[in-house]
Q: 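Dropping a structure here in structure tokens format, bear with me for questions.
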Amino acid sequence: MRNIYFLLLPIFLVSNLYGQELKNGKLDSLFSLLEEHNKFMGGVSIFKNGEEIYQRSLGYVDVEKNIKVDAASQYRIGSISKTFTAVMVLQLIEEGKLDLTTSLKKYFPDVPNAKAITVEQLLRHRSGIFNFTNAQDFETWMTKPISKKELVQKIASHKPAFAPDEKAEYSNSNYVLLSLMIEKITGKDYATELEKRILKPCKLNRTAVGSAIEPDKNQALSYVKQGSWMLAVETDMSIPLGAGFIISSPTDLNVFLNCLFKNKLLKKETMQEMTSLKDGFGLGLFSAPFYDKTGLGHGGDIDGFHSQAFHFEKEQLSISLITNGIDYSLNDIMIGILSIYFGLDYPLPVFQSDLKLEENMLKVYEGNYTSPNFPLDLKIFVQNGVLNGQATGQSNFPLQAYGNDTFRFDMAGIEIVFHPKEDFLILKQAGQQFKLSRK
């Protein structure tokens with residue numbers, strides 16, 4: 001639910017597109033490379049015309065216990081939960097129990113600007129409500145249980161980020177409030193409504209509201225790469241609620257997308273409203289352009305889990321990708337999947353072996369780096385024998401050595417070349433280059 005990268009990345013890169021059939025061999029080769037170089041753990045599913053035509057699972061539910069993932073493994077899907085929440089809110093509107101113009105004041109009067117905030121603004125991230133996961137103290141309480149009353153109080157305690165409907169800006173607070181609104185209106189808990197309204201109609205057998213992770217029940221733990229796979233922090237699921245507490249599998253996510261886009265959950269007119277974009281946001285959906293094609297869906301990040309699930313209606317194509325451990329760019333993997341599916345000229349990635357440097361060799365790079373042309377300061381430090389970077393207000397990320405004072409963080413496509421004697425570094429990402437000097 002919290003972005004760990006300090007530069008925004010595009011959802012997909014684009015160029016020419018030619019429709020061709022899926023080439024399983026090359027797609028297998030891509031995932032075999034990721035597995036061989038320990039770059040990815042998780043699963044992928046591809047549906048065509050409502051049927052699964054490709055599925056693969058790599059890595060472990062539990063690394064320490066050597067429990068491998070399979071097609072039925074469940075993962076935390078983070079913000080993809082928002083699409084489920086949006087569907088249920090829209091169902092309540094169809095039932096006449098709510099309206100897009102309903103004021104937030106009716107349910108949460110203590111939230112700043114509640115009288116002026118509508119349900120539609122919450123769904124489209126136009127409320128201006130501060131994103132509580134960006135709070136400076138969030139990481140100090142994210143692993144502890146919290147009551148719904150306390151959570152609303154935390155959201156209400158922050159000043160608005162902007163006036164309602166002034167612009168669009170992503171905020172998990174919007175969907176926490178929407179999920180609690182569902183409970184207030186129905187008198188039932190979110191899990192009960194989810195089961196009745198989506199899971200049973202769509203026959204989703206591996207989707208549920210999550211709790212503490214149980215690997216023995218084929219629920220994947222999540223990991224971060226710190227030389228080897230290290231267990232990631234585990235957010236208590238009383239915190240994200242309908243903004244990010246659902247667990248699922250790649251196959252189930254595709255079943256859900258097909259159920260939704262075949263109008264089995266919402267009326268056609270409601271779907272038109274849900275898929276209409278304003279400043280890039282629909283109602284619980286956003287777009288994913290790939291060449292002249294456009295998918296609709298959502299992405300998710302929570303702890304060490306990262307996910308993407310998109311449906312291309314014209315092509316009747318759905319792709320869901322979930323990872324519980326990654327040392328590469330999830331965006332680049334999705335680009336690879338789509339490029340292979342559509343028969344593009346796609347060179348498989350080449351992974352160089354990273355170097356193992358002693359801690360005393362890494363310490364020469366430590367320091368705080370700044371530049372008037374770069375919006376954030378960058379701290380470089382050694383932790384547990386691994387060189388890390390950390391931008392202002394963001395989580396730290398590991399850097400792998402590749403030689404000649406060159407380090408990379410493949411998940412975000414970052415390359416850093418150090419010049420320790422001259423006290424500066426060159427940061428490269430997404431075709432841009434910045435020089436930062438050590439203080």
Side-chain angles (χ1 to χ4, degrees), residues 1-6 8 75-89 104 107-108 110-114 117-162 164 167-183 190 194 209-210 222 232-248 279-286 297-309 393-395:
M1 298 218 313
R2 208 173 188 201
N3 184 13
I4 65 169
Y5 313 127
F6 54 91
L8 294 177
Y75 308 82
R76 293 186 171 187
I77 61 172
S79 290
I80 296 177
S81 305
K82 292 178 173 68
T83 306
F84 289 82
T85 299
V87 169
M88 291 197 288
V89 169
L104 181 62
Y107 300 99
F108 300 103
D110 294 333
V111 174
N113 290 333
I117 294 170
T118 67
V119 168
E120 181 173 4
Q121 289 164 6
L122 293 170
L123 287 165
R124 292 191 187 274
H125 294 288
R126 303 184 65 85
S127 70
I129 299 172
F130 177 80
N131 183 5
F132 77 96
T133 60
N134 286 342
Q136 298 232 341
D137 66 344
F138 178 68
E139 291 185 1
T140 67
W141 55 271
M142 61 183 279
T143 60
K144 304 167 187 175
I146 189 172
S147 71
K148 293 169 183 176
K149 182 179 179 180
E150 289 174 307
L151 186 57
V152 173
Q153 287 173 343
K154 282 186 177 290
I155 291 172
S157 69
H158 294 279
K159 294 180 180 179
F162 54 89
K167 62 179 181 178
E169 187 174 289
Y170 195 85
S171 175
N172 288 298
S173 303
N174 294 320
Y175 277 77
V176 166
L177 295 174
L178 286 168
S179 61
L180 293 175
M181 205 178 291
I182 292 168
E183 295 186 340
Y190 185 103
L194 180 69
V209 167
S222 73
V233 66
E234 186 175 326
T235 299
D236 189 273
M237 294 304 239
S238 63
I239 293 168
L241 300 184
F245 70 168
I246 290 177
I247 59 174
S248 191
D279 292 334
F281 291 100
L283 305 179
L285 297 169
F286 58 82
H298 217 290
D301 301 281
I302 185 168
D303 307 331
F305 298 94
H306 307 280
S307 51
Q308 292 184 359
Q394 301 293 325
S395 300

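Any value given below was found using the heavy atoms of this structure, including those in side chains, with hydrogens, waters and symmetry copies removed.
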Q: State plainly whether the residues Lys154 and Glu150 are in salt-bridge range, i.e. N to O under 4.0 Å.
A: no
Q: Mind telling me whether Phe132 and Phe138 have parallel, tilted or perpendicular rings, with 30° and 60° as the class edges?
A: perpendicular
Q: Go through the structure and list residues passing side-chain hydrogen bond (donor to acceptor under 3.5 Å, both in side chains) with Gln153, not counting sequence neighbours.
A: none
Q: Within a strict 4.5 Å, meaning less than it, do heavy atoms of the Pro240 and Val176 side chains meet?
A: no
Q: Would you say Arg126's side chain and Thr118's backbone share a donor-acceptor pair under 3.5 angstrom?
A: no
Q: Would you check if Ser79 and Asn172 make a side-chain contact, meaning some heavy-atom pair closer than 4.5 Å?
A: yes
Q: Taking Lys144 for the side chain and Thr140 for the main chain, is one N or O donor matched with an acceptor at less than 3.5 Å?
A: yes
Q: Are any side-chain N or O atoms of Ser222 and backbone N or O atoms of Ala232, one a donor and one an acceptor, separated by less than 3.5 Å?
A: no
Q: List for me each residue that meets side-chain contact (heavy atoms from CB on, under 4.5 Å) alongside Ser179, sequence neighbours excluded, and say none if there are none.
A: Thr85, Tyr190, Leu241
Q: Using a 3.5 Å distance criterion without hydrogens, assess whether the side chain of Thr235 forms a donor-acceptor pair with backbone atoms of Met237.
A: no
Q: Looking at Asp303 and Arg76, is any side-chain nitrogen of the basic one under 4.0 Å from a carboxylate oxygen of the acidic one?
A: yes
Q: Closer than 3.5 angstrom, by distance alone: can the side chain of Tyr175 be matched with the main-chain N or O of Leu123 as a donor-acceptor pair?
A: yes
Q: Tell me, please, which residues at least two apart from Phe84 pass ring-ring contact (aromatic ring centres under 6.0 Å, His included).
A: Phe256
